[in-house]
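Note that this is a predicted model, so its numbers are computed, not measured.
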Amino acid sequence: MIINVPDWCVIGKFIEFKMWDENYRKYNWFKDKIISYTEDGFYHQTHNCPVYHNKFSDYGKTVRECK
């Protein structure tokens, strides 16, 4: 199987993703590290936190490169 991975999506690279923050009752950006790929997306995680999945197509909407 061949997976077409975008140039910005590199294992070990940090990204920010938008998620609901219950503490502030609004959406916030969180920093995670890309840890693996799937057919249509990637998994990311921060130390001692859950693993999340986003699609490659989420880039620019709910996923962005770290500043």
Side-chain angles (χ1 to χ4, degrees):
M1 174 189 339
I2 296 173
I3 299 173
N4 294 317
V5 179
D7 293 337
W8 60 266
C9 191
V10 178
I11 291 178
K13 184 176 184 178
F14 284 94
I15 52 100
E16 293 179 332
F17 71 104
K18 197 173 194 177
M19 186 175 79
W20 181 256
D21 188 343
E22 193 60 42
N23 294 325
Y24 296 101
R25 307 284 301 153
K26 66 177 188 171
Y27 284 95
N28 280 325
W29 291 95
F30 296 90
K31 184 177 174 181
D32 271 4
K33 185 189 287 188
I34 298 171
I35 58 172
S36 67
Y37 303 124
T38 62
E39 290 180 13
D40 63 347
F42 60 98
Y43 288 107
H44 50 95
Q45 180 183 31
T46 294
H47 182 69
N48 286 337
C49 290
V51 174
Y52 295 100
H53 180 267
N54 279 93
K55 294 187 176 191
F56 296 131
S57 60
D58 291 339
Y59 184 74
K61 301 171 193 164
T62 57
V63 175
R64 66 184 183 192
E65 294 182 60
C66 280
K67 296 179 180 179

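Atom CG of N28 is separated from atom CD of E16 by 10.5 Å, given to the nearest 0.5 angstrom. Residue I2 holds its CD1 atom at 7.5 Å from CG of N4, rounded to the nearest 0.5 Å. Distance check, rounded to the nearest 0.5 Å: CD of Q45 to CG of D32 gives 7.5 Å. Taking NZ from K18 and NZ from K61, the interatomic distance works out to 13.0 Å, rounded to the nearest 0.5 Å. With rounding to the nearest 0.5 Å, the separation of NZ in K31 from CD1 in I15 is 10.5 Å. The structure places CG of D21 at 8.5 Å from NZ of K26, a figure rounded to the nearest 0.5 Å.
V10 and F14 are not part of a single hydrophobic cluster, where members link through side-chain heavy atoms under 4.5 Å apart.
Taking 4.5 Å as the limit, some side-chain heavy atom of D40 sits within range of a side-chain heavy atom of H53.
In this structure, F17 and Y52 have tilted ring planes: the angle between them lies in the 30° to 60° band.
Side-chain atoms of K13 come within 3.5 Å of backbone atoms of W8 as a donor-acceptor pair (strictly under, hydrogens ignored).
Here the closest non-hydrogen pair linking F56 and C9 is CE2-SG, 3.7 Å. In terms of heavy atoms, E65 sits closest to Y59 at OE2-OH, 2.8 Å. For the pair T62 and N54, the tightest heavy-atom approach, listed with the atom from each and the gap, is OG1-ND2, 3.7 Å. Between I3 and E39, the shortest heavy-atom contact is CG2-O, 4.1 Å. When all heavy atoms are compared, the tightest approach of M19 to F30 is O-CE1, 3.6 Å.
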Check: Can I11 and F42 be said to form a side chain to side chain contact (heavy atoms under 4.5 Å, CB included), step by step?
Finding: CA-CA 9 Å; I11 291 178; F42 60 98; over 6 Å; no
